[in-house]
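Please read these numbers as outputs of a predicted model, since none were measured by experiment.
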Amino acid sequence: MPRASKNVISLDTETTGIDHWHGAEPFFITFGLPDGNNEFCEWEVDPKTRRVLFDLDDLRAIQARIDEADELVFQNAKFDFHALTTIFRRAGLELRWPWERVRDTLLAGHLLASNHSHDLTSMCVEYLGVNIQKHENRLERVVKEAAKVARREFPSWRLAAKGLPEMPSAKEKVWKYDSWLPRAAGRAVVASLRFDLLPDEPVGLPAVVRAADDHDVSIGRPSKWGNPWKVGRDGSRREVVTKYAETILNTPRLLAELHELRDKRLGCAGNCAPDLCHGHVLRALCHPWFTALRDYANADSVATLALWGVQERLLKERGLWAIYLRCLKKPWVAAVMERNGVTANGSQLTRMREQFAREAEEAKVTCVSLAACDGLTDLPKSGVSNALKRAMFGRRFWRCTCGQEFDDPADGSCPLCDSRVISSHYERSRLDLEPVSHTEKSGAPAVDKAAIERWLATLPEGSDQRRFVAALRDWRKCCTATNYLDGYERFWLPLNRPCDDGAVMTRTVPVPSWFILHPSLNPTGTDTLRWSSSNPNAQNVSKQEGFGLRFVFGPAPGREWWSADAQNIELRIPAFEANEPDLVRVFEHPDEPPYFGSYHLVVFAVLHPEKFAKHGAESKRVYESTWYQWTKNGNFALIYGAQDVTADAAYHVPGAREMIWRRFPRIAALSDRMLAAAERTGVVETIPDRSVDSKRGYPILCTRSERGRVLPTVPLNYHVQSTAMQWMSEAMIRCQEQLDRWGSEFKMVLQVHDELVFDFPRGRGPEPWRTNLPKIRRLKSLMESCGDDIGVPTPVAVEYHSESWAEGKAWTSTVGRANARRNDAEIV
DNA sequence: TAACTGGGCGCC
DNA sequence: AGGGCGCCCAGTTA
């Protein structure tokens, strides 16, 4: 018997916010069905608490749809997974989530065109030629309209706003968190018979009988891969049409409820409802306040399904299917890590905050006292303020022949008398600093770290100017650190732990002064293969001396952390790929003189041959803060794609880049190959991973300048950065699969591009770090095994953290050392 | 008031 | 013409 066609459906949720960990929940679930219909379900939201009034039967119906689908398509599956998990959990149900049947258009969008926009609207334009933006615009209008009425009529409602504890990610733009509001306001309006509060319906058909006005076609920019907007699932142009198959549809339910509300209000039993009022209720049901969200959401799920149809075909046509299937593991790993969360030490944070506040105050007093005569009364918490600029560089102003003085000539005339006879003047400040550079966009004098360093290096010791600049630097550092701490505090939640008190039900109790954060990880957040992190960003936690915020993060009581980082992976990749013999030898024989495995030392020897001849590997120490440090700076600048001038400046050696390129011609040739490929095809590919697809790598689009050329530094950088991150993604997948087998107490909690952090139960005994050593060895070897598949040896360095992320003890495996016993290990 | 831009800075 | 991010504050504009 022929197998029935696959049941491929899409799923999308609308939520009361994006902060799932702080109470945001889904209130609208929509399925896109293969025939172009929807099934959806909408729950009320309690406007005073923002709690979703879910229905258990609906949840079971949703689970049934998920269970019976052969493939479930999402735009960002991770988000809907968290959203549904939240509501199922509150309902006391366990969500069964079929990661193996999930398809994700967000991942597909990145794989097909890494530097294009991957939001649903943009991709529908690019791949379907359909614009669904109008639904969002309509929703925005309606939400803002309802919010206005609600603020006035229902002041006790909890509308979204920056600063509410349940939405720490909220910035200024929050209307999307209130997409439940129009319907809630509509119900309240009906209940109070205040139909006059409903704004006039916009001209056009009521949304429930949706016309074909969604079919207009916007022409997006042409894809380099063909003309996807001309192609639909069946080969013809796909139109996104939403019809309402009301399988789970609750309009009848809503209608009944609204009548009930109205009847209660009228004090009747329901049989004496005036026709007029019934008409009002019916009309209200067709009003955008009741339909805008539903139209928006249902269009999204249908569009997602249609989009997937095109993307799936393109992925297969372009030979990217194997890579895609592997990429599908990423949202799963990211979701598990996000759920695990990162633990933070509250008392540590408080201590640091107090210290920064003291130091900041001291610095501010210094600055203000030195520049009070120029009107400086306060310092900006970041960046520069006009007052600071004026105090540092003096004031530029204009004066009219009429005597009026003003800061900004605006249209070139005097604001008082309109005369155009104005003259420019310059008033020196007491400090009167000489600008060392200017900002890119406005050309104002820069007051950034580099400028401050420059001033500190040149201004006379003990001068007011120098004291001011030094104090400004200290103030900045304290404020920056404090701003980060504020963010962590805004996002963190009390850390709870199951408490075994002998009761049948496990309770949880808070761990005193410990908290947990759930940073969001986005595997498609960059133009390369790097992941991004946000809310808060866990990838930019300071390591700076005196401001090391990594002291805040670490293992909670009864736990320990292990970090594992790929050593020099971005230097190893080009060396091994190009097969640059001298570099390969250095990396493969880290114990051999004269370089002892140090890439930096090799380059040092190229740039400073006499110094190296004299000191050998000792050069590291002899020139620790000078020539050797500058060599490292230059090496990193080169990885990041620096051109001649910048690289030479970083190395402090004229012609350095040229010398290095000559010394390592194969790497130079690799760079040229990448550039040529990028110019020809627009993409560079990562090194193929034998465990995924030995023939091809992940294509990374290289941005072209206005003149249509690829910047020469970009291709090698993208290639290396993306290959490194592909290695990391693969390592994360393998590690998480292993961790799953060990159980939920063994967690991966952080990823910082080439570093992973694991959170384990604390070991016991006189040397507690030995307890988990077998597992750590296993993870290290799993990570290193990923290098085999790209032909680059990728040793992983491991550190043990018993107190905090900032304090690590290197674990040195002595395996392989000539004079060591096998399987010996020590912590230094 | 809401939303945006610019400057600045943390990480790899 | 130095790659990739996210986030804060100050200041301006709609």
DNA chain C stem ranges, 3 or more consecutive Watson-Crick or G-U pairs under 3.5 angstrom: B:1-12 with C:3-14
To the nearest Å, how far apart are [X] [atom1] and [N] [atom2]?
{"X": "A:L571", "N": "C:dG3", "atom1": "CG", "atom2": "C1'", "value": "14 Å"}
{"X": "A:L159", "N": "B:dT1", "atom1": "CG", "atom2": "P", "value": "15 Å"}
{"X": "A:L521", "N": "C:dG6", "atom1": "CG", "atom2": "P", "value": "11 Å"}
{"X": "A:R151", "N": "B:dT1", "atom1": "CZ", "atom2": "P", "value": "11 Å"}
{"X": "A:Y651", "N": "C:dG2", "atom1": "OH", "atom2": "P", "value": "14 Å"}
{"X": "A:E140", "N": "B:dA3", "atom1": "CD", "atom2": "P", "value": "8 Å"}
{"X": "A:W531", "N": "C:dG6", "atom1": "CH2", "atom2": "P", "value": "14 Å"}
{"X": "A:W475", "N": "C:dC9", "atom1": "CH2", "atom2": "P", "value": "12 Å"}

Heavy atoms from C-beta onward define the side chain here; which of [options] lies closest to that of [X]?
{"X": "A:D527", "options": "C:dG4, C:dC9, C:dG6", "result": "C:dG4"}
{"X": "A:S385", "options": "C:dA10, B:dA3, C:dG3", "result": "C:dA10"}
{"X": "A:N535", "options": "C:dG3, C:dC7, C:dG4", "result": "C:dC7"}

Aromatic ring proximity A:W21/A:H82, centre distance under 6.0 Å: yes
Pairwise N/O distances under 3.5 Å, protein to nucleotides 8-12 of chain B:
unit_1	atom_1	unit_2	atom_2	d
B:dG8	OP1	A:V447	N	2.7
B:dG8	O3'	A:R476	NH1	3.4
B:dC9	OP1	A:R476	NH1	3.0
B:dC9	OP2	A:K449	N	2.9
B:dG10	OP2	A:K449	NZ	2.4
B:dG10	O5'	A:Q544	NE2	3.2
B:dG10	O4'	A:Y484	OH	3.2
B:dG10	N2	A:N540	ND2	3.2
B:dG10	N3	A:N540	ND2	3.0
B:dC11	OP1	A:K543	N	2.7
B:dC11	OP2	A:Q544	NE2	3.3
B:dC11	O3'	A:R550	NH2	3.4
B:dC12	OP1	A:K543	NZ	2.9
B:dC12	O3'	A:D754	OD1	3.0
B:dC12	O3'	A:D754	OD2	3.2
B:dC12	O2	A:R530	NH1	2.3
B:dC12	O2	A:R530	NH2	3.0

Contact class for [X] (heavy atom, under 4.0 Å): base, sugar-phosphate, or nothing?
{"X": "A:K389", "answer": "nothing"}
{"X": "A:R490", "answer": "sugar-phosphate"}
{"X": "A:N386", "answer": "sugar-phosphate"}

Distance, nearest 0.5 Å, that separates CD1 of A:I667 from CZ of A:F576: 10.5 Å
Distance (rounded to the nearest 0.5 Å) between A:L607 CG and A:Y628 OH: 12.5 Å
Does a nitrogen or oxygen in the side chain of [X] sit under 4.0 Å from OP1 or OP2 of [N]?
{"X": "A:K144", "N": "B:dT1", "value": "no"}
{"X": "A:T713", "N": "C:dG2", "value": "no"}
{"X": "A:T646", "N": "C:dG2", "value": "yes"}

Side chain to side chain donor-acceptor pair (under 3.5 Å) against A:E434, all qualifying residues, sequence neighbours excluded: none
Those residues of residues 160-170 of chain A lying under 4.0 Å from DNA chain C by at least one heavy atom: none
Heavy-atom side-chain contact between A:L485 and A:F356 under 4.5 Å: yes
A:D689 vs A:I687 side-chain heavy atoms within contact, under 4.5 Å: no
Ion pair A:E489/A:R353, N-O distance below 4.0 Å: yes
Pair A:H801-A:S563, side-chain contact (heavy atoms from CB on, under 4.5 Å): steps then yes or no: CA-CA 8 Å; A:H801 306 259; A:S563 63; 2.8 Å; yes
Residue met sooner reading DNA chain C from 5', once A:T528 and A:P536 are mapped to nucleotides: A:T528
CA sep, side-chain torsions, deciding dist, call: A:R657, A:D648, salt bridge (Lys or Arg N to Asp or Glu O under 4.0 Å): CA-CA 6 Å; A:R657 187 170 182 270; A:D648 293 355; over 6 Å; no
Closest approach of A:A150 to A:L181 (non-hydrogen atoms, all atoms of both residues): CB-CD1, 4.2 Å
Over all atoms of both residues, closest heavy-atom pair of A:M728 and A:D754: CE-C, 3.3 Å
All salt bridge (Lys or Arg N to Asp or Glu O under 4.0 Å) counterparts of A:D448, not counting sequence neighbours: none
Under the salt bridge (Lys or Arg N to Asp or Glu O under 4.0 Å) test, residues paired with A:E807 that sit two or more places apart: none
